[in-house]
Amino acid sequence: MNLEKMTRESFRAFRESAQSALKQSEQIPSVLICAGTGCIAGGAMKIHDNFKALCEERGLPVYVGLKHHDEAEKSLHMKMSGCHGFCEMGPLVHIEPMGIMYIHVKPEDCAEILEKTVLGGEVIDRLVYHLNGVAYPRQEDIPFYKLQHRTVLENCGTSDAEDIEEYIAKGGYSGFEKALFEMTDEEICKTIIDSGLRGRGGGGFPAGRKWDGARKQKAEKKYIVCNGDEGDPGAFMDRSIMEGNPHSVLEGMMIAGLAAGSDEGYIYVRAEYPLAVKRLRTAIAKAEECGLLGDNILGSNFSFRIRVNTGAGAFVCGEGSALTASIEGNRGMPRVKPPRTIEHGLWAQPTVLNNVETFANVPLIVRKGVEWYHNIGTEASPGTKAFALTGNVVNTGLIEVPMGTTIRKVVFDIGGGIPNGKKFKAVQIGGPSGGATTSSDEHLDLPLDFDSLKKIGAMIGSGGLVVMDEDTCMVETARFFMEFTQKESCGKCVPCREGTKRMLEILNRILDNKGTLEDLALLEELADTITSTALCGLGQSACKPVQSTLKYFRNEYLAHVVDHHCPICNKEKPHPTIDPEKCKGCTKCARNCPMSAINGAPKQAHTIDPEKCINCGACVDSCPFGAISAAKEG
């Protein structure tokens with residue numbers, strides 16, 4: 001088949017062939033290795049190489065991709081998937097069709113897995129997940145997964161991240177095909193409006209309204225832009241989608257191009273995500289090879305091309321106008337609005353700008369329908385939301401739950417509660433742009449959706465959830481996020497540039513036990529002023545961590561400024577230590593640390609800053625070499 005000239009009919013034939021090959025492949029022994037950034041740092045590529053070498057030694061044929069014909073000899077299917085989500089348990093290896101998931105797999109385990117499980121059908125108990133004395137060989141039975149509702153993330157841990165044929169076999173590009181041949185631009189916008197899909201990158205603006213606004217603009221050139229910058233500390237939802245299911249992002253952008261009348265798209269990704277950049281570019285190249293990107297797609301008069309731009313890691317470039325300025329080659333700084341991006345965006349042309357997770361939802365909505373989407377989540381916030389669950393919680397990782405799921409269910413049921421017998425204290429939601437919740441039943445039973453969180457001064461943001469226990473000083477937490485925001489301020493407007501600096505100075509003074517009650521009043525006044533007058537959304541939400549902790553944990557501020565003694569900060573707490581002889585400098589512990597307390601260059605021994613460490617244990621759990629010793633209280 002000449003894929004470069006694929007028509008709608010040949011695409012359907014190709015899909016049928018791929019589906020047949022997928023069914024055939026599902027009956028053949030398969031080793032699925034998690035190849036997300038976390039597992040790769042833990043040695044996933046070495047595991048892959050060991051499996052391949054062992055198979056060659058045995059004369060066992062190994063193939064990648066889908067199998068389109070029967071072979072007499074026994075063979076093994078190997079796939080490199082995206083992130084499975086259970087990050088602290090990696091590297092993860094799945095054995096199909098048995099459905100077995102092994103955790104903390106080491107290269108030296110490969111021979112035993114191949115002999116006993118792949119060829120012998122035996123489960124290796126020591127490699128499966130255990131909880132309270134119960135073994136869970138199958139992923140779907142593990143509470144961490146069983147209580148989730150994975151739609152956007154479904155393919156991330158089950159498919160070869162770079163195989164377009166497998167994506168198509170599982171329904172990929174069917175939503176685009178339907179939109180291209182069976183829907184008008186107005187009908188596409190109406191479908192997204194009726195679905196209730198709201199932007200997953202911040203305040204939850206209705207995606208369909210944005211698309212329809214761009215559609216109605218009279219302009220010869222329009223753009224579709226995907227925000228993959230994701231600069232929040234502890235957030236890695238978009239990264240995992242780009243790494244594990246990149247074609248879903250491309251397909252969502254293509255449907256948006258049909259809706260808005262655009263023939264060109266850009267994906268803006270921070271340069272610190274090299275694997276995401278690589279897989280996106282691979283996906284684009286394969287879509288072009290198949291004739292799904294380029295000119296006159298599937299024999300239609302619709303043409304669309306996508307480019308990947310890498311950013312330098314400036315947090316402010318997560319803001320729409322700063323992001324488009326960066327793509328244009330200018331310094332990433334926000335501008336005054338209106339006009340909005342749909343009127344005056346990239347190169348002053350109408351632009352649809354959504355984040356990665358938003359675009360990844362679109363193909364599913366078009367393919368499965370509005371009613372299907374509304375059966376998930378809440379009436380005002382339908383669908384699911386991916387969250388990065390980190391901090392003082394037993395199960396850290398990437399999760400996806402229906403909108404409206406309570407904080408209690410996320411922290412205690414999916415997250416497994418607080419480790420080391422500590423008491424739950426708070427969750428910081430939405431990173432530097434979000435706010436803190438408390439341990440009260442009112443907050444624990446609060447639905448995680450756009451509108452409920454606004455009522456308590458928080459926001460979903462991009463979806464970072466940092467869990468904190470009783471040993472966390474909330475003043476220090478507020479200072480951490482304010483320090484991050486202050487450093488990342490672009491400096492264009494005075495309220496953000498100077499105001500956050502003054503707030504940080506006050507917070508440092510309070511934590512040094514030199515603050516006063518007047519400082520608390522000044523903090524509140526500055527926060528109100530910055531929120532009301534900052535130029536962009538990032539500056540306007542920069543004070544939320546301080547505002548929420550002042551509201552819900554004021555007693556801790558008073559301990560610093562009245563008693564000049566914080567029982568939490570002054571409690572002698574041991575910290576984890578890193579053995580420089582065992583540390584390989586893989587950086588996995590640093591990436592999993594929610595407080596950025598671990599320092600060190602790649603391939604060099606790392607160290608832990610006791611001033612920042614909150615003893616959450618994330619570094620201990622994530623270290624694949626056993627180089628980090630857990631803190632022990634005497």
Side-chain angles (χ1 to χ4, degrees), residues 34 36-38 81-90 92 94 101 139-159 161 170-171 195-201 204 207 228 230 232 234-249 252 276 354-365 368 372-378 381-390 393 395-416 427 429-430 447-450 453 460-467:
C34 175
T37 293
S81 76
C83 176
H84 292 229
F86 214 178
C87 303
E88 64 174 301
M89 295 295 167
L92 302 170
H94 277 249
M101 184 178 84
Q139 173 180 308
E140 58 264 32
D141 296 328
I142 299 173
F144 177 80
Y145 289 105
K146 193 172 185 178
L147 298 170
Q148 296 185 45
H149 189 115
R150 296 168 77 85
T151 55
V152 171
L153 298 179
E154 182 180 8
N155 286 345
C156 287
T158 61
S159 300
K170 292 184 175 181
S195 74
L197 174 65
R198 297 170 68 170
R200 294 314 198 237
E230 195 174 49
D232 291 11
F236 51 95
M237 298 75 59
D238 288 349
R239 185 195 76 194
S240 297
I241 295 170
M242 290 185 286
E243 290 178 357
N245 198 14
H247 285 285
S248 67
V249 183
N354 286 117
N355 87 319
V356 168
E357 188 180 350
T358 309
F359 280 122
N361 271 279
V362 170
L364 295 170
I365 293 171
K368 296 187 177 184
W372 166 81
Y373 197 67
H374 269 284
N375 285 331
I376 310 170
T378 68
S381 298
T384 61
K385 180 71 187 81
F387 292 99
L389 187 60
T390 60
V393 63
N395 299 325
T396 59
L398 183 69
I399 69 171
E400 184 179 0
V401 294
M403 282 284 195
T405 302
T406 65
I407 296 174
R408 187 189 302 276
K409 185 172 183 178
V410 168
V411 173
F412 290 96
D413 296 339
I414 297 173
V427 174
I429 302 177
L448 284 167
D449 61 51
F450 295 107
L453 289 174
I460 284 182
S462 60
L465 293 176
V466 181
V467 181

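In this chain, residues are counted from 1 in sequence order. Scope of the values below: all heavy atoms of this structure, side chains included, with no hydrogens, waters or symmetry mates. For clarity, every value in this text was computed on a predicted model and none was experimentally measured.
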A161 to G82 - nearest heavy-atom pair and separation:
CB-N, 4.2 Å

Checking T151 against W372 for the side-chain contact (heavy atoms from CB on, under 4.5 Å) test, could you report, in this order, the C-alpha distance in whole Å, the side-chain angles of both residues, the deciding distance, and whether it holds?
CA-CA 12 Å; T151 55; W372 166 81; 4.2 Å; yes

Of the non-hydrogen atoms in T396 and T390, which two are nearest, and what is the gap between them?
CG2-CA, 4.1 Å

Side chains of I241 and F359: does their closest heavy-atom pair fall under 4.5 Å?
no

Minimum heavy-atom distance between V152 and A360, given as atom pair plus value
CG1-CB, 3.7 Å

Heavy-atom pair of closest approach, residues F450 and I460
N-CD1, 3.9 Å

Check whether any side-chain heavy atom of T37 lies under 4.5 Å from a side-chain heavy atom of F236, and answer yes or no.
no

Over all heavy atoms of both residues, which pair between N395 and L389 is shortest? Give the atoms and the distance, please.
O-CD2, 3.4 Å

side-chain contact (heavy atoms from CB on, under 4.5 Å) evaluation trace for F387 with V410
CA-CA 10 Å; F387 292 99; V410 168; 5.5 Å; no

Separation of E230 CD from N355 CG (nearest 0.5 Å):
8.5 Å

Interatomic distance, CD1@I399 vs SG@C87, rounded to 0.5 Å, equals 11.0 Å

Spell out, as yes or no, whether a donor-acceptor pair under 3.5 Å connects the side chain of R200 to the backbone of T384.
yes

When rounded to the nearest 0.5 Å, the distance separating NZ of K170 from NE2 of H247 is 12.5 Å

For the residue pair S240 and C83, what are the closest heavy atoms and their distance?
OG-CB, 3.9 Å

What residues, two or more places apart in sequence or in another chain, satisfy salt bridge (Lys or Arg N to Asp or Glu O under 4.0 Å) together with E243?
R239

Give a yes or no on whether the backbone of E154 and the side-chain of T158 come within a donor-acceptor separation of less than 3.5 Å.
yes

Compare all side-chain heavy atoms of E357 with those of K385 and state whether any distance is below 4.5 angstrom.
yes

Working to the nearest 0.5 Å, report the span between SG of C34 and CE of M101.
10.0 Å

Atom pair NE2 (H94) and NE2 (H84), whose distance is rounded to the nearest 0.5 Å
4.5 Å

To the closest 0.5 Å, what do you measure between CG (L448) and CD1 (I429)?
5.5 Å

